[in-house]
Amino acid sequence: MNVDNLMNNLEKKHPGEAEYLQAVREVVESIEEVYNDNPQFETANIIERLIEPDRIITFKVPWTDDEGNVKVNLGYRVQFNNSIGPYKGGLRFHPSVNLSILKFLGFEQIFKNALTTLPMGGGKGGSDFDPKGKSNSEIMRFCQSFMLELWKYIGPEIDVPAGDIGVGGREIGFLYGMYKRLKGDHTGVLTGKGSNWGGSLIRPEATGFGAIYFVQEMLATKKEDLKGKTVSLSGFGNVAWGAALKAAELGAKIVTISGPDGYIYDPEGISGKKIDYLLELRASNQDIVKPFSYVFEGTQFHEGKRPWEVRADIALPCATQNELNDEDALTLMNNKVMMVAEVSNMGCTPEAVEIFNNNDIMFAPGKAVNAGGVATSGLEMTQNSMKMRWNSGEVDDRLHEIMCNIHEQCIKYGKKDNGHVDYVKGANIAGFLKVANSMLDMGII
Ligand code: NDP
């Protein structure tokens, strides 16, 4: 494999798909050596078969708003690779959604799912629908129309979607209700379901909890722990609140949260009642960042700014892709950050990652750090198949074990001679080997 030739060809085939091309480049650069040391991969042309999705389904989603206006959004499902299990990955509802973003997310998902050690392939989907400011009825009608098309292509052994940006428990409920009605059976086709109807305990907080378990493992390599550390995090959605909750429980101080309009700095730390209040605001479908700063004295709202300018020991991007760039990385470095762990997918730009690597700042990629979400989705699928329900302690223990295992895999494939761990390389190689060897076993299909 020659990375430059491969990427030039891919750019010609998919011009303008910036996020997808960025994600592919990161993986192929880090697996190049292993790939070329194992000629069986090249003989079977594994890489070209891996970087293109198995299929992409696109459809229109007509729905009616509360005033009776007929709207049309675009819906997608990218079924990327099912070599190790059914396609598995979230649905994102956000106005920025396009094919490049879903292809990058689907591609990342292949390796992340392989790292969990559970039998799940990679996929992703979503729509350019914006749930913000919509009524419950509008969201329900949209989700029902979305599922009216998607249900033909998914199933517990085929493709199992879940949540992502803009898709939480409420949306999964509406989507599942429509699937159940169309299909006429009650199966584990979506994960993130309500705990009364097949959902796993701990799933809502799993991505954030898992991320903090991973951070604990990273810290342990330096004989450190979370107690007394300051943590800056962005966003306050599905993943950020779980991360905040667990980090606070383990003695860290969360000093920032953010939204698209700016960030909050809270020198006292965000925990307990403050987290409960933020969750209430979130559940009521409102902007959360500004109202929070009005209620809690001593907190400061920084309009139009990102939280990375605040001094912290650990930075956790938890909002969206490329939300932390080279300028932010330099600021963090000057403020002596010790670790950056992506909880969002591809939260840092390649330039930012280069700065962390060149300056011995520990950095771990989303596909390892946030894998606890999909891992617990996998545990939900297992419970659904067994018609069993594990208690929260059991699920949490398994999640913890999986995160420790992912960290070990990163060390195994990413540890350099000088002892520094390249978590990007480690995660990519570990995930790639599992998928590539499975593809080899199955022949050219
Ligand atoms: P949510 O929609 O629940 O939360 C996203 C948060 O980020 C919200 O607080 C949102 O603010 C904020 N946000 C969105 N866009 C921007 C922006 N451009 N700048 C600053 N803040 C922004 O999404 P999730 O928590 O589910 O997902 C967050 C990240 O984690 C994504 O990268 C996702 O792919 C990844 N992830 C999610 C998993 C899950 O289990 N949900 C699993 C693994 C990864 P507002 O609501 O005000 O727009």
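Whatever order the structure lists them in is the order used to number ligands and atoms, beginning at 1. By convention here, the first residue in the shown sequence is residue 1. All heavy atoms count here, side chains included; hydrogens, waters and symmetry mates do not. Remember, it's a predicted structure, so these values are computed and weren't measured experimentally.
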Could you please spell out the steps behind the salt bridge (charged side-chain N to carboxylate O under 4.0 Å, His left out) verdict for K305 and D328? CA-CA 11 Å; K305 295 277 181 62; D328 302 316; over 6 Å; no
Check the pair D313, K229 against salt bridge (charged side-chain N to carboxylate O under 4.0 Å, His left out), reporting the backbone distance first and the verdict last. CA-CA 6 Å; D313 300 310; K229 299 276 185 307; 5.9 Å; no
Could you go through the salt bridge (charged side-chain N to carboxylate O under 4.0 Å, His left out) check for K367 and E26 one step at a time? CA-CA 12 Å; K367 61 169 78 72; E26 183 215 272; 2.7 Å; yes
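In this structure, K246 forms a cation-pi arrangement with F209, its terminal cationic atom sitting closer than 6.0 Å to the ring centre and no more than 45° off the ring axis.
No salt bridge links K112 with E108; every basic N to acidic carboxylate O contact stays at or beyond 4.0 Å. E52 has a carboxylate O that lies under 4.0 Å from a charged side-chain N of K13, or vice versa, which qualifies the two as a salt bridge. With respect to E149 and K152, a salt bridge is recorded, a charged nitrogen being found less than 4.0 Å from a carboxylate O.
Using cut-offs of 30° and 60° for the angle between ring planes, the F107 and F111 rings count as perpendicular. Under the 30°/60° scheme for interplanar angles, the aromatic rings of Y423 and H407 are found to be tilted. Ring planes of F93 and F146: perpendicular class, angle over 60° (limits at 30 and 60°). Ring orientation note: the planes of F80 and Y20 are tilted relative to one another, at an angle of 30° to 60°.
Using a 4.0 angstrom heavy-atom cutoff, M346 does not count as in contact with ligand 1. For S234, the closest heavy-atom approach to ligand 1 does not fall below 4.0 Å. Using a 4.0 Å cutoff on heavy atoms, A319 counts as a contact of ligand 1.
Neither the backbone nor the side chain of E323 has a heavy atom within less than 4.0 Å of ligand 1. The backbone of C318, and not its side chain, has at least one atom closer than 4.0 Å to an atom of ligand 1 (non-hydrogen atoms only; backbone = N, CA, C, O). No part of R306 comes within 4.0 Å of ligand 1, judged by heavy-atom distances.
A donor-acceptor contact shorter than 3.5 Å links the side chain of N428 to the backbone of V424.
Remark: of the listed residues K193, R389, K88, R398, K193 is the sole one forming a salt bridge (Lys or Arg N to Asp or Glu O under 4.0 Å) with E380.
Geometrically, ligand 1 and R203 share a nitrogen or oxygen pair separated by less than 3.5 Å. The N/O atoms of N345, backbone and side chain alike, include one that comes under 3.5 Å of an N/O atom in ligand 1. Considering backbone and side-chain N/O of L105, none are found under 3.5 Å from N/O of ligand 1. At a 3.5 angstrom cut-off on N or O pairs, V239 counts as close to ligand 1. For ligand 1, the polar-atom distance check finds no N/O of Q321 at less than 3.5 Å from any of the ligand's N/O atoms.
In summary, the atoms of ligand 1 found under 4.0 Å from a heavy atom of G259, numbered by their order in the structure, are 20 (C), 21 (N). Remark: ligand 1 atoms within the under-4.0 Å shell around heavy atoms of R282 are 3 (O). Those atoms of ligand 1 with a heavy atom of R92 less than 4.0 angstrom away are 31 (C), 32 (O), 33 (C), 34 (O). Counting the atoms of ligand 1 from 1 in the order shown, those under 4.0 Å from a heavy atom of I165 are 1 (P), 2 (O), 23 (O), 26 (O), 27 (O), 28 (C), 31 (C).
Scanning the protein heavy atoms around atom 19 (N) of ligand 1, the nearest turns out to be P260 CA, 3.8 Å. Looking from atom 45 (P) of ligand 1 to the surrounding protein, the closest heavy atom is K132 NZ, 3.3 Å. Ranking protein heavy atoms by distance to atom 44 (C) of ligand 1, first place goes to N370 ND2, 3.4 Å. For atom 4 (O) of ligand 1, the closest non-hydrogen atom on the protein side is G237 CA, 3.2 Å. The protein heavy atom nearest to atom 18 (N) of ligand 1 is T320 CG2, 3.8 Å. Among protein heavy atoms, the minimum distance from atom 2 (O) of ligand 1 is reached at G166 N, 3.1 Å. Given atom 8 (C) of ligand 1, the protein heavy atom at minimum distance is F236 N, 3.9 Å. For atom 33 (C) of ligand 1, the nearest protein heavy atom (residue, atom name, distance) is D164 OD1, 3.1 Å.
Between S344, G366, G192, it is S344 that holds the heavy atom closest to atom 30 (O) of ligand 1. With T207, N238, V167 as candidates, the residue nearest to atom 24 (P) of ligand 1 on a non-hydrogen basis is N238.
Across every non-hydrogen atom of G235 and S258, the tightest pair is N-OG, 2.7 Å.
Using a 4.5 Å heavy-atom cutoff, the side chains of N238 and T207 are not in contact.
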